[in-house]
Amino acid sequence: MKVGIPKEVIDGERRVAATPDTTRRLIEKLGFEVLVERNAGAAASFPDAAYENAGAILCSDATEIWGNAEIVLKVRGPSEHELGQLRNGQTVVGFLAPAQNEDLLHRIAERGANALAIEAVPRISRAQKMDALSSMANIAGYRAVVEAAGLFGRFFTGQITAAGKVPPARVLVIGAGVAGLAAIGTARGLGAIVRAFDVRPEVADQVKSMGAEFLYLQFPSDENGGTSGGYAKTMSKEFIDAEMALFADQARDVDIIITTALIPGKPAPTLITTSMVESMRHGSVVVDLAAEQGGNCEVTVPGKVIQHEGVHVVGYYDLPSRLAHTSSQLYGTNLFHLLDEMGGAEKFRIDMDDVVIRSATVVHQGQVTWPPPPVAVSAAAPAKPEEGQQKTPAIAKQRGVIDVVLTIAGIALLAMLVMTQDRGVLTDFTVFVLACIVGWQVIWNVTPALHTPLMSVTNAISGIIIVGGMVQAGTDHPVASVLGAIAIFVATINIAGGFLVTQRMLKMFRKLDG
Ligand SMILES: NC(=O)c1ccc[n+]([C@@H]2O[C@H](COP(=O)([O-])OP(=O)(O)OC[C@H]3O[C@@H](n4cnc5c(N)ncnc54)[C@H](O)[C@@H]3O)[C@@H](O)[C@H]2O)c1
């Protein structure tokens, strides 16, 4: 089965739907033959020779690709000329913007072809590796900061030098979705002070974990922008007004504003007005990522960088294409996973029972299948059960029985010990019971976030156990010696295991060298 990679025809599009690396994987792992148009990757710095080395067959003309490949991978939707070459049964994959391009879908359907809109892959955990929209938004967020840094006439990080003190730049990010979080990470990485706002308060923790400040809105109602789909909903006019008052205050204080606020399928809300831009200091920058959907800023000119009263306003909507090498690699990898999900070369099929494939398929066997049935995606934190309802009745009942049995066994043991009338045994037993209660209380209610410090405490306790075990192991009493040896052994495992687990956890937070 043949996969074709034509050169993108839209002016200014530098990305390509497969890189030499993803081409090799399509051939070696999925069993496809890959046809690549000459110069297809040139604008993204992938030379033809690299594709050839990866095993691709180079074609001098796109017609060869459209005429021979069963599957055509593209970045943008097919152009007028490309539509004319679509064949019955052929499958085309790309960013097709199905909600805005119904006419395109009907034209593809008329040719009897299939089409998958990669942006329609649902944002569910299983589909993350195919989620090209997130891959591109991540790059756009990064590139937004790079564009801002290029126009901003100061350092991002604060510095104290012999020649004077430079304050850090202050950055406001509006909308903490994929692009917003990437922008926060990049701006923090450059040393700026970053603040962020989003209508979904559940993202506050993510914002804070990246070292930025989350701005809370003083709003009388508890209106929450989150939905079970993980996207925002349209907010009330009162909420938007309150939000804009917050931004008006911030605009006077910050140097850079990056706006990414969007509700899928809706025009972008206007959040930064002309007067807010005019209140910013000269040399400040606004990067409006929502420019293509109308923009979050009133003065944005889509596709252009303008200056308004000394403030640069960036309205590029091709930011991923401005980082073509990386975006092609990530996009190509997303497509590789998509074709893998569809069965590879041998078992390739458009499975309309697979929720990911069904959602992405917008034309199937000459029929328009857009829009797909809704998919429940939950990025929002699940609602916390009310106090007293946290355990299900079955678990609570089971626990109750265990408690009763343990209490009876404890009382019986205590009675037996009292009957022995051995004061020494009784004292030891009392200490043992108290130690169990204290240990239980200390350990049982510790939240998972505190498990690492808890491990240090248990290590200290294990140390004491080892000392106790050594004392007992040295006595003449055979039972005490054996128990002492067992205590030393078990406590040693606890300490060594504790160190091992701690090292593994710390490793997760360490950056890899290089
Ligand atoms: N310019 C480019 O080149 C480029 C490239 C890729 C993506 N984008 C755009 O970037 C934007 C963000 O993409 P994403 O994938 O991160 O989307 P996303 O859905 O993950 O994030 C959007 C965020 O905006 C928030 N939001 C919605 N309404 C808001 C409001 N009134 N106030 C504050 N926050 C609000 C949402 O809660 C959400 O967290 C989109 O507009 C997308 O089209 C632009």
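Numbering of ligands and ligand atoms starts at 1, following listing order.
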Under 4.0 Å, counting heavy atoms only: does [X] come that close to any atom of ligand 1?
{"X": "R123", "result": "yes"}
{"X": "V203", "result": "no"}
{"X": "A176", "result": "yes"}

Purely on distance, is any nitrogen or oxygen of [X] under 3.5 Å from one on ligand 1?
{"X": "F247", "result": "no"}
{"X": "D288", "result": "no"}
{"X": "F197", "result": "no"}

Just so I know, are the side chains of [X] and [Y] near enough to count as touching, which here means a heavy-atom distance under 4.5 Å?
{"X": "V207", "Y": "F197", "result": "no"}
{"X": "V121", "Y": "N334", "result": "no"}
{"X": "R322", "Y": "R14", "result": "yes"}
{"X": "L30", "Y": "F348", "result": "no"}

Assess the side chains of D131 and S134: does a donor N or O sit below 3.5 Å from an acceptor N or O?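 The answer is yes; a qualifying pair exists.
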When you check the side-chain N and O atoms of D21 and T19, is any donor under 3.5 Å from an acceptor?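 No donor-acceptor contact under 3.5 Å links the two side chains.
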Over all heavy atoms of both residues, which pair between A204 and Y216 is shortest? Give the atoms and the distance, please.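 Smallest heavy-atom distance, with atoms named: CB-OH, 3.5 Å.
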Residue portion contacting ligand 1 (non-hydrogen atoms closer than 4.0 Å) for [X]:
{"X": "D318", "value": "backbone"}
{"X": "A179", "value": "both"}
{"X": "E243", "value": "side chain"}
{"X": "E292", "value": "neither"}
{"X": "A268", "value": "neither"}

Would you mind running through ligand 1 and noting each atom that sits below 4.0 Å from a heavy atom of [X]?
{"X": "P320", "answer": "3 (O), 5 (C)"}
{"X": "V178", "answer": "16 (O), 20 (O)"}
{"X": "A290", "answer": "41 (O)"}
{"X": "Y317", "answer": "1 (N), 2 (C), 3 (O)"}
{"X": "I240", "answer": "31 (N)"}

Is any side-chain N of the basic residue among D354 and R349 closer than 4.0 Å to the acidic one's carboxylate O?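 Salt bridge absent between D354 and R349.
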Give a yes or no on whether a salt bridge exists between R107 and E80, defined as a side-chain N under 4.0 angstrom from a carboxylate O.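 A salt bridge is present here (some side-chain N lies under 4.0 Å from a carboxylate O).
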Among V199, T259, N296, which residue satisfies the side-chain contact (heavy atoms from CB on, under 4.5 Å) criterion with P269?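 That would be N296.
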Pick, from T260, L289, L246, T259, the option with the minimum heavy-atom distance to atom 22 (C) of ligand 1.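 It is T260 that holds the nearest heavy atom.
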Kindly identify the option in P302, A140, G294, P269 whose heavy atom sits closest to atom 6 (C) of ligand 1.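 Nearest option to atom 6 (C) of ligand 1, by heavy atoms: A140.
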Pick from D255, D249, D253: which one makes a salt bridge (charged side-chain N to carboxylate O under 4.0 Å, His left out) with R195?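 Checked D255, D249, D253 against R195; only one passes salt bridge (charged side-chain N to carboxylate O under 4.0 Å, His left out): D253.
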